[in-house]
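Report on one structure; see the data block that follows.
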There are 2 protein chains.
Amino acid sequence: MDHLETRQLRYFVAVAEEQHFGRAAQRLGMAQPPLSRAIRDLERQLGVQLLVRTSRRVALTPAGQTLLDEARIALDAVATAGNRTRHAGQDVPALRLALKADHDAGLLPKILDAYDVLPVRLLLGGYGEQLPALHDGRADVALMTTPFDERGLDSEPLITGPRLVAMAASDPLAARTSLRLADLAGRLLPYGTPAEKGFPKPPFDPHEPLDHSQIFSLIEVGSTVWYLPVWLAERFARPGIAYRPVEELEPATLTVAWPARSRSAAVAAFVRTAQRVARETAPYDNLFPLVHPV
Amino acid sequence: MDHLETRQLRYFVAVAEEQHFGRAAQRLGMAQPPLSRAIRDLERQLGVQLLVRTSRRVALTPAGQTLLDEARIALDAVATAGNRTRHAGQDVPALRLALKADHDAGLLPKILDAYDVLPVRLLLGGYGEQLPALHDGRADVALMTTPFDERGLDSEPLITGPRLVAMAASDPLAARTSLRLADLAGRLLPYGTPAEKGFPKPPFDPHEPLDHSQIFSLIEVGSTVWYLPVWLAERFARPGIAYRPVEELEPATLTVAWPARSRSAAVAAFVRTAQRVARETAPYDNLFPLVHPV
DNA sequence: CTCGACCGATACCCTGGTGATATGGATCAT
DNA sequence: ATGATCCATATCACCAGGGTATCGGTCGAG
């Protein structure tokens, strides 16, 4: 009848995600027997069966699924408490801005120049790392490209531009003026979309997503094509790579996002500054120089 | 650099709220020295000073205030995980409805009669207990009277009616047909409003709020007056107590509320049922029988 | 059908985290 | 000056929580 400890939740989440006590124990850096015991004690404590163990596999009960969902939320909240507190204790207060390098549509220098409320610390994370950083309190505000999971966040759009396809300049499709998604079907590497659960096994090392240089190398030799917002295309314009509009491709919106219940004046001022800078920036309405470079 | 445990957060919240290690330890059912050590270790772990100890008082640093806020949220999320899981493990699924007895405007029987998705378990709590029950997962849905703290909740209004003042029939003010708030200033017991932090010491035992019978006894002998929604007045109409409208008193709205991110079909159906029942119920537009009983 | 591989549970041991007691040192009220 | 108050330190004890060895049940290969 005692209180739950985060250790119990971490253990359960590991087992539930791995569906395997041995791997979960390995991931947690411990042996399997104490983990089994911890899960059994947790079930006793809650008075609920969480897992169905056949000697061959482990499956979640409905109650177990509930706990998995809720425990993720709770662990996130605990991590947030720690991260926010660590940050609040720094003697030099700062605004922590999470973004992916080159995904700022060129606005970043102007925003940083115009924002003088606090010093800004940049957290340059890879693809999809901005969202968790906002959620667990490592970042105060983030620049992200739509679409993203907006639950728990407030956001304001900054600037919108078309998405283009990047392909080898030598690609036969590059000769066409108009492309459709169907023309490009099957040409994308599986990394093209965020890693989902049940991520299908890619042909080679799935652990490390490709960085920009790697991606553009593959594009240049015709191994893949890539969808990307116009501001990224602009930054990576080079001979050997052609950018073309695609009819059905939704435009991308660069967005500033922050935790929903943030009442920080520094964040609010940053958002206003970013919006003002975005308004003063020319929209992406002329693709001619990019699609037809000299 | 390890993970935070809820035990550490509970300890810190106790100390921060009591501003006193001894009382906090007592509240936690432990001795003071291990509590002091736990807080010191927590500060080491976070690398942040949380409390300023003079040998006379304990005060929060800004980082400590941050942790207090965040830890409350995190502890709530952990409690929610446990409560929701316990509930999901019950073999008889049920909808848990939190409300205060008599605060249903007479809708409850009709709602329960019309709602057939799940059996309904009533959680009859005292004043202000509905909100925490929703937040920590003990209840799926609640009936509450506006105003209440809507953060983290979704809600739909059911029925609106005026608030009245209840006073002794013998009270000189009962002879008047029109009352204003100023006429009643200072006549309310301090229990009239929810307990805030820094709750001023009431004249007698502050621990247990008064129940309805106690309140109406005090009203009947002229010791206090009371503001209450018309549906409560209706239920407690009796000789010896007079109900009068008060000009500036905002009307009350009986509301059905549920956790914001609930995607439960059972809750959604309950809300629809409650709204339909409320629409079919006569509004409170004729106060004559209540104010001028036979 | 049999045997080996796999996987979770059980039994048992041991260490360190967590709690208790005793006491010190600092501050404030009288 | 002296006692009261209150947090920190020192020290001890216990068991919660982690490790190793092993068991028992299930599935698949041959």
Side-chain angles (χ1 to χ4, degrees), chain A residues 1-61 63-65 67-68 71 75 78 82, chain B residues 1-61 63-65 67-68 71 75 78 82:
Chain A
M1 210 49 211
D2 233 354
H3 295 266
L4 286 175
E5 287 299 326
T6 58
R7 184 179 46 78
Q8 300 178 280
L9 299 181
R10 283 197 310 275
Y11 287 5
F12 176 75
V13 168
V15 174
E17 287 182 349
E18 300 287 346
Q19 307 241 333
H20 190 290
F21 280 79
R23 282 194 299 274
Q26 195 174 356
R27 185 172 122 185
L28 293 166
M30 65 186 291
Q32 169 259 321
L35 180 58
S36 287
R37 195 181 50 190
I39 300 294
R40 170 175 54 76
D41 293 347
L42 177 61
E43 288 179 316
R44 294 247 171 90
Q45 184 175 337
L46 292 172
V48 162
Q49 187 174 2
L50 301 169
L51 300 169
V52 181
R53 296 99 157 147
T54 75
S55 73
R56 224 45 198 173
R57 63 146 55 80
V58 173
L60 286 171
T61 64
Q65 184 61 51
L67 184 58
L68 179 56
L75 290 175
V78 172
Chain B
M1 210 51 210
D2 233 354
H3 295 269
L4 285 176
E5 288 299 326
T6 59
R7 184 176 46 78
Q8 301 178 281
L9 299 181
R10 283 198 309 275
Y11 288 4
F12 176 75
V13 168
V15 174
E17 286 182 350
E18 300 287 345
Q19 309 241 328
H20 190 291
F21 279 79
R23 281 194 300 273
Q26 195 175 355
R27 186 171 121 187
L28 293 166
M30 64 186 292
Q32 168 258 320
L35 179 57
S36 287
R37 192 181 50 193
I39 299 295
R40 169 174 55 77
D41 293 346
L42 177 61
E43 289 179 316
R44 295 245 171 90
Q45 184 176 335
L46 292 172
V48 161
Q49 187 174 1
L50 300 170
L51 300 168
V52 181
R53 295 93 155 153
T54 73
S55 72
R56 223 45 199 172
R57 63 144 55 80
V58 172
L60 286 170
T61 62
Q65 183 60 51
L67 184 58
L68 178 57
L75 290 175
V78 172

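Letters A, B, ... mirror the listed sequences (proteins, then strands); counts begin at 1.
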What one-letter contact string describes nucleotides 21-27 of chain D from 5' to 3', where B marks a base within less than 4.0 Å of any protein heavy atom, S marks contact via sugar-phosphate atoms alone, and - marks no contact? B----BS
Interface limits on DNA chain C, where chain A has a heavy atom under 4.0 Å of a nucleotide atom: C:dC6 to C:dC12
Protein-nucleotide distance ([X], atom [atom1]; [N], atom [atom2]), rounded to Å:
X     : N      : atom1 : atom2 : value
A:L35 : D:dG18 : CG    : P     : 9 Å
A:I39 : D:dG18 : CD1   : P     : 11 Å
A:Q26 : D:dG19 : CD    : C1'   : 16 Å
B:R53 : D:dT9  : CZ    : C1'   : 13 Å

Among all residues two or more places apart in sequence or in another chain, which pass the salt bridge (Lys or Arg N to Asp or Glu O under 4.0 Å) test with [X]?
X     : result
A:R53 : A:E43
A:R23 : A:E18
A:R10 : B:E5
B:R7  : none

Residues A:Q45 and A:H3: closest non-hydrogen pair is NE2-O, 3.4 Å
Minimal heavy-atom distance between B:A63 and B:V48, with the atoms involved, is CB-CG1, 3.3 Å
Suppose we screen for side-chain contact (heavy atoms from CB on, under 4.5 Å). Which residues come up paired with B:A16, at least two apart in sequence or across chains? B:F12, B:L60, B:L68
Contacts of type side-chain hydrogen bond (donor to acceptor under 3.5 Å, both in side chains), residue B:E17, not counting sequence neighbours: B:R27, B:R72
Please confirm whether the shortest side-chain N or O distance from B:S36 to OP1 or OP2 of D:dC7 is below 4.0 Å. no
In residues 11-24 of chain B, what residues come within less than 4.0 Å of DNA chain D, judged by heavy atoms? B:H20, B:F21, B:G22
So, do [X] and [Y] sit near enough that their side-chain heavy atoms are less than 4.5 Å apart?
X     : Y     : answer
B:F21 : B:L51 : yes
B:T54 : B:R57 : yes
B:L42 : B:L67 : yes

Please tabulate, one pair per line, each protein N/O and nucleotide N/O from nucleotides 12-16 of chain D that are separated by under 3.5 Å, including the distance.
none

CA sep, side-chain torsions, deciding dist, call: B:L4, A:T6, side chain to side chain contact (heavy atoms under 4.5 Å, CB included): CA-CA 7 Å; B:L4 285 176; A:T6 58; 5.7 Å; no
Which residue lies toward the 5' end of DNA chain D, A:D41 or B:R57, if each is placed at its nearest nucleotide? B:R57
